[in-house]
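Proteins get letters first, then strands, A, B, ... in listed order; numbering begins at 1 in each.
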Number of protein chains: 2
Amino acid sequence: MSRPPSPRPTLEEVARRAGVGRGTASRVINGGERVSARARQAVEEAIAELGYVPNSAARTLVTRRTDTIALVIAESEERIFGEPFFAGVVRGIGTALSEANLQLVLMLASSGQRSEHLDSWLGRQHVDGVLLLSLHDDDTLPDRIRARGLPMVVGGQRSGEERFGFVDVDNRLGARLAVGHLVNRGRRRVATVTGPLDMVAGRSRYEGYLSGLEDAGRTADPGLVATGDFSQAGGEAAMREILLRRPDVDGVFCANDLMAAGALRVLREAGRDVPGEVSVVGFDDAPLALSTEPPLTTVHQSPERMGREMVDLLLATLGSPDEPQEGRVLPTHLVVRGSS
Amino acid sequence: MSRPPSPRPTLEEVARRAGVGRGTASRVINGGERVSARARQAVEEAIAELGYVPNSAARTLVTRRTDTIALVIAESEERIFGEPFFAGVVRGIGTALSEANLQLVLMLASSGQRSEHLDSWLGRQHVDGVLLLSLHDDDTLPDRIRARGLPMVVGGQRSGEERFGFVDVDNRLGARLAVGHLVNRGRRRVATVTGPLDMVAGRSRYEGYLSGLEDAGRTADPGLVATGDFSQAGGEAAMREILLRRPDVDGVFCANDLMAAGALRVLREAGRDVPGEVSVVGFDDAPLALSTEPPLTTVHQSPERMGREMVDLLLATLGSPDEPQEGRVLPTHLVVRGSS
DNA sequence: GTAGCGCGTGGGAACGCTCCCACTCTCTTC
DNA sequence: GAAGAGAGTGGGAGCGTTCCCACGCGCTAC
């Protein structure tokens with residue numbers, strides 16, 4: 001029941017039991033080149049009998065690798081666990097890392113209080129690299145990680161000065177496509193419910209909205225712009241505001257699907273027919289977009305793919321640390337459904 | 001730019017620069033008992049100048065501690081990132097661990113494919129203990145972790161045979177209170193929308209429903225029971241089913257708030273007045289309960305508290321590994337709002 | 001003046017692994 | 001039959017810590 005009878009077996013004991021040297025046992029465990037079939041079998045049996053598990057601290061001490069990658073999400077628990085977006089990214093990352101035989105650890109950098117902890121933990125070479133999912137502008141975390149000399153890839157944020165490797169979705173183009181679609185549907189007064197403008201996703205989708213209008217030779221009307229916070233309640237409030245200011249609105253581009261769902265609800269309550277009188281377009285192509293009434297026309301993006309690309313880029317960085325950091329921008333496309 | 005100029009400084013170098021021995025430098029870093037003020041200052045300066053960071057692999061190798069705790073969540077990414085419940089638990093755990101100067105790493109045990117990976121990673125003494133959030137019955141993960149000899153606390157699941165330490169909410173009593181409340185309100189035909197019955201939370205809330213009826217001297221009517229999956233859509237479907245089978249239903253206990261929100265929606269569509277004709281009670285007291293129409297009467301539980309208790313129990317286990325494992329059951333209470 | 005105490009200190013040993021070099025043996029080649 | 005190549009092997013060195021023991025020093029107590 002207690003410890004004494006079974007102090008974890010060491011490689012030395014495995015070797016002794018198998019009747020070989022430590023070196024040979026080690027070779028069997030790692031890849032197993034240049035080992036006779038006989039020795040290999042003896043070692044494998046000894047491992048099984050003793051229930052041997054390599055001590056990774058000892059291994060890391062000499063190899064300087066940990067075979068572990070951290071995913072740091074710099075958001076509040078509430079947002080992390082409220083956004084299906086993260087689920088997709090995490091799944092993509094998890095799959096890709098597991099194919100590369102790397103272990104994922106997820107760290108939340110929510111409260112400021114814990115951030116020094118996180119910092120120093122990352123600094124102690126617990127991980128070989130960091131994937132960062134940060135959507136706010138003012139965050140100094142990327143620079144702090146960088147300063148530790150850890151390979152890193154940032155997701156969901158295009159680094160202006162290309163300081164880091166990054167993977168991002170083409171938010172601008174996506175939004176522009178959405179607005180173009182509304183214009184093509186003959187909508188004259190196209191409003192937008194934006195996301196928070198201190199997040200890259202919020203800002204660049206708004207910029208896309210502006211350039212979409214520009215494409216059509218129009219200029220933005222401030223009365224048709226309301227700021228939301230990516231939540232359904234925020235979308236409802238913003239939609240109400242727009243209806244109040246410009247009751248003649250006939251098209252709405254919402255910066256995500258959740259806000260679009262809120263907008264649909266408010267429009268219905270206000271007695272507007274969608275898509276008869278007003279067209280609504282969202283962004284994300286979240287599962288939710290299929291269950292709204294009517295189903296939501298939206299800009300498709302793939303969080304899962306984003307996760308995979310982040311891993312891919314990080315692995316490339318690990319392979320050749322001195323290459324300059326690349327950036328990847330993933331495509332988006334419009335999915336037309338009943339709301340437009 | 002590249003590595004050569006700054007290979008991480010070691011403790012040895014810090015000591016040399018401070019003009020002290022390795023032992024003294026080590027003492028300064030850990031707690032710092034029995035060190036003269038002069039030596040301490042010299043060491044601290046050297047650390048700052050060199051930017052020294054202790055190598056945790058080397059430290060772990062000798063201390064056999066990692067100061068890291070894993071939280072394993074055995075659910076699909078979709079559920080994890082869809083349930084606000086997890087957000088609360090993670091926040092509670094995060095806060096409590098950070099107070100104890102321990103680092104949290106989160107691991108998702110979603111797809112079966114990755115589970116061996118997870119297993120062996122945990123076995124390699126990367127962490128000192130494991131917190132497990134598992135809501136399914138058939139999971140062998142607890143036993144596998146146990147077999148590795150890792151201290152562990154399970155949350156959200158009462159281990160029948162008390163094999164593991166656990167922390168759980170008193171689901172049964174909570175549900176019983178809810179049903180008692182409906183009975184007291186004069187409801188004669190009290191239905192329930194259950195959660196999945198292969199999850200402890202789903203099953204014990206259903207059992208609580210049954211004993212609530214028993215308290216009132218009634219027996220359950222199978223026509224008044226429908227099974228949901230803890231999602232809003234599932235709640236809607238189950239409610240429709242009940243309305244179809246028993247149009248005279250006048251009270252509904254839903255096993256969580258999300259399903260209750262779905263039930264409310266269906267009842268409204270069916271033209272039933274809540275709480276005039278039908279009373280509805282949920283479970284969780286999630287933020288959502290405040291924003292339904294009418295606001296939801298519900299059984300309050302605190303995921304954050306559950307997280308904190310899990311940590312507390314794990315720390316106790318780490319302190320005295322040979323004590324038998326305790327279990328803790330957290331209280332719940334009813335919050336009466338407009339829906340009943 | 002000597003014995004004793006305890007604080008502050010330095011450095012050897014050990015943690016469990018991988019890397020690498022040196023060694024043996026077998027087989028080929030001229 | 002001698003020389004060379006190469007496969008398979010054993011074990012020393014070293015990774016960067018912490019732990020612990022032994023040592024020196026300045027006190028106090030007799």
Pick base, sugar-phosphate or nothing for A/Arg59, based on heavy-atom distances below 4.0 Å to the nucleic acid. sugar-phosphate
Exactly one of B/Arg124, B/Arg144, B/Arg146 should register a salt bridge (charged side-chain N to carboxylate O under 4.0 Å, His left out) with B/Asp119. Which one does? B/Arg144
For A/Leu71, run the side chain to side chain contact (heavy atoms under 4.5 Å, CB included) check against A/Leu108, A/Val311, A/Val90 and tell me which one passes. A/Val90
When you measure only distances, ignoring hydrogens and angles, does the side chain of B/Arg40 come within 3.5 Å of the base of C/dG8 through a donor and an acceptor? no
Inter-axis angle, terminal five-pair segments of the helix from C/dG1-D/dC30 to C/dC30-D/dG1 [nearest 10°]: 50°
Give one of base, sugar-phosphate or nothing for A/Ala57, where a contact means two heavy atoms less than 4.0 Å apart. nothing
Determine yes or no for a side-chain-to-main-chain donor-acceptor pair under 3.5 angstrom, with A/Asp128 supplying the side chain and A/Asp67 the backbone. yes
Counting only heavy atoms from other residues, nucleotides and ligands, does the tally under 6.0 Å from CD of A/Gln41 exceed 12? no
Span of DNA chain D, from the first to the last nucleotide whose atoms fall under 4.0 Å of chain A heavy atoms: D/dA7 to D/dG16
I'd like to know if the side chain of A/Ser26 and the backbone of A/Arg22 have a donor-acceptor N/O pair within less than 3.5 Å. no
Test your reading of the model: is there a side-chain donor-acceptor pair from B/Thr66 to the backbone of B/His126, 3.5 Å cut-off? yes
Give the nucleotide from the list C/dT18, C/dG16, C/dT9 with an atom nearest to the side chain of A/Leu61. C/dG16
Counting any heavy atom closer than 4.0 Å, what does A/Arg64 reach on the DNA or RNA strands: base, sugar-phosphate only, or nothing? sugar-phosphate
Using a cut-off of 4.0 Å on non-hydrogen atoms, how would the nucleic acid contact of A/Ala39 be classed: base, sugar-phosphate, or nothing? sugar-phosphate
Under 3.5 Å donor-acceptor pair, B/Arg27 side-chain atoms to C/dG10 base atoms: yes
With respect to the phosphate group of C/dT18, does any side-chain polar atom (N or O) of A/Ser26 fall under 4.0 Å of OP1 or OP2? yes
